[in-house]
Amino acid sequence: MKKTRLIIVILVLIFIVSILTYFANQQSNTTNNSGKIGVAVSVGPEVEFVNAVGGDKVNVTLMVPSGADPHTYEPLPNQLRELSNDKMYVEVGTPLEFETNYMERLESINPNMLIVNASEGIDLIPNTAENESGSDPHVWVSPKNAKIMVENIYQGLVQIDPANKEYYTKNRDQYLQQLDELDENITESLKGKENSTIIVYHPAWGYFCRDYNLKEIAIEAGGKEPTSQGIANLIDVAKNGNIKVIFVEPQYDPKSADVVASEIGGQVLPVDDLAENYVENMKKVAETFSKV
């Protein structure tokens, strides 16, 4: 009898400890989140866009992490778990493989999450550089496009949190001014380079080239490594155009670019279209492209 009572007491204690632990964890989660709005984004530049508008009222989750390729990346289980608590997802909204492959699944994980199409209102250009049909997905490399993306993000945050509209409006306006200044800075950096040709590994810079009167030629063709004939053709183009710089994004193997650069007596320089520190990075990109 005593043994039975002891077992009952132990079970009750275990139950009480479990309940207390559960509520402690719930309280910890609430404290950690601090009431911030969870916002998931596909690519790095959107992190700055959301933080610029949302300020201390948002917590941003980046789905395609630094160094990963949004054309091939697969979301991890921990990312999907975190996504289930987010209030808003900012999709690029173009034919970006990560989104075309996974957005339906991401939406099913959290059907109450607001989906914001950041590219709504952007004048899309054909994806001719990748020899594919449809639109060029890399809209964010244009500061002019970035302004439209920021406006779409602002509208989404106001829809979710209308009580803080004034706060978001102030932040949006300040950041849009930074993007205007960035546009002016890039124009100044590239003065005299109009109609120049840039050879890049991955053709991510179509919108940038459109805005600043450059021409883009890619080493990669249709998402595949170039053939030996393709490399030979690029070498001829570079020599005929007196091009001495090849640009490579950090997500890709520079081996092919190194071959071309070696044959033309040139150099390989890094440019990143996916960096999270958008304004500062794009200034650096413009300075790098000015070396053509």
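Tested against Thr197, the residues Asn242, Ile217, Leu214 include a single side-chain contact (heavy atoms from CB on, under 4.5 Å) partner, Ile217.
A single hydrophobic cluster is not seen to contain both Val43 and Met63; linkage of ILVMFWY side chains at heavy-atom distances under 4.5 Å, directly or through other members, places them apart. Transitive grouping of hydrophobic side chains (ILVMFWY, heavy atoms separated by less than 4.5 Å) keeps Val200 and Ile246 in distinct clusters.
At least one donor-acceptor pair closer than 3.5 Å links the side chain of Lys244 to the backbone N or O of Ile264. Side chain of Glu99 to main chain of Val92: a donor-acceptor pair is present (N/O by atom type, distance under 3.5 Å, no hydrogens or angles). Listed for the Glu188 side chain is no donor-acceptor partner under 3.5 Å among the backbone atoms of Ile186.
Asp183 pairs by the salt bridge (Lys or Arg N to Asp or Glu O under 4.0 Å) definition with Lys144, not counting sequence neighbours. For Phe98, the ring pair (Phe, Tyr, Trp, His ring centres under 6.0 Å) partners two or more places apart in sequence, or in a different chain, are Tyr102. Annotation: side chain to side chain donor-acceptor pair (under 3.5 Å) contacts of Ser256 (sequence neighbours excluded): Glu225. Residues satisfying the salt bridge (Lys or Arg N to Asp or Glu O under 4.0 Å) criterion with Asp173, sequence neighbours excluded, are absent altogether.
In summary, Lys283 and Glu280 engage in a salt bridge, as defined by a charged side-chain N under 4.0 Å from a carboxylate O.
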Could you list the donor-acceptor pairs under 3.5 angstrom formed by side chains in residues 268-278, with sequence neighbours left out?
residue, atom, partner, partner atom, Å
Asp272, OD1, Gln251, NE2, 3.3
Asp272, OD1, Leu274, N, 2.9
Tyr278, OH, Trp140, O, 2.6

List, one per line, each side-chain donor-acceptor pair under 3.5 Å for residues 149-161, sequence neighbours excluded.
residue, atom, partner, partner atom, Å
Glu151, OE1, Arg172, NH1, 3.1
Glu151, OE2, Gln155, NE2, 2.7
Asn152, ND2, Asn117, O, 3.4
Asn152, ND2, Ala118, O, 2.8
Asn152, ND2, Glu120, O, 3.0
Asn152, ND2, Ile148, O, 3.3
Tyr154, OH, Thr169, OG1, 2.6
Asp161, OD1, Asn164, ND2, 3.3
Asp161, OD2, Asn164, ND2, 2.7
Asp161, OD2, Tyr168, OH, 2.7

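Under the 30°/60° scheme for interplanar angles, the aromatic rings of Phe208 and Trp205 are found to stand perpendicular.
Neither side chain, Asp136 nor Tyr207, offers a donor N or O lying under 3.5 Å from an acceptor on the other.
The 12-atom threshold is not exceeded at NZ of Lys284, counting heavy atoms of other residues, nucleotides or ligands nearer than 6.0 Å.
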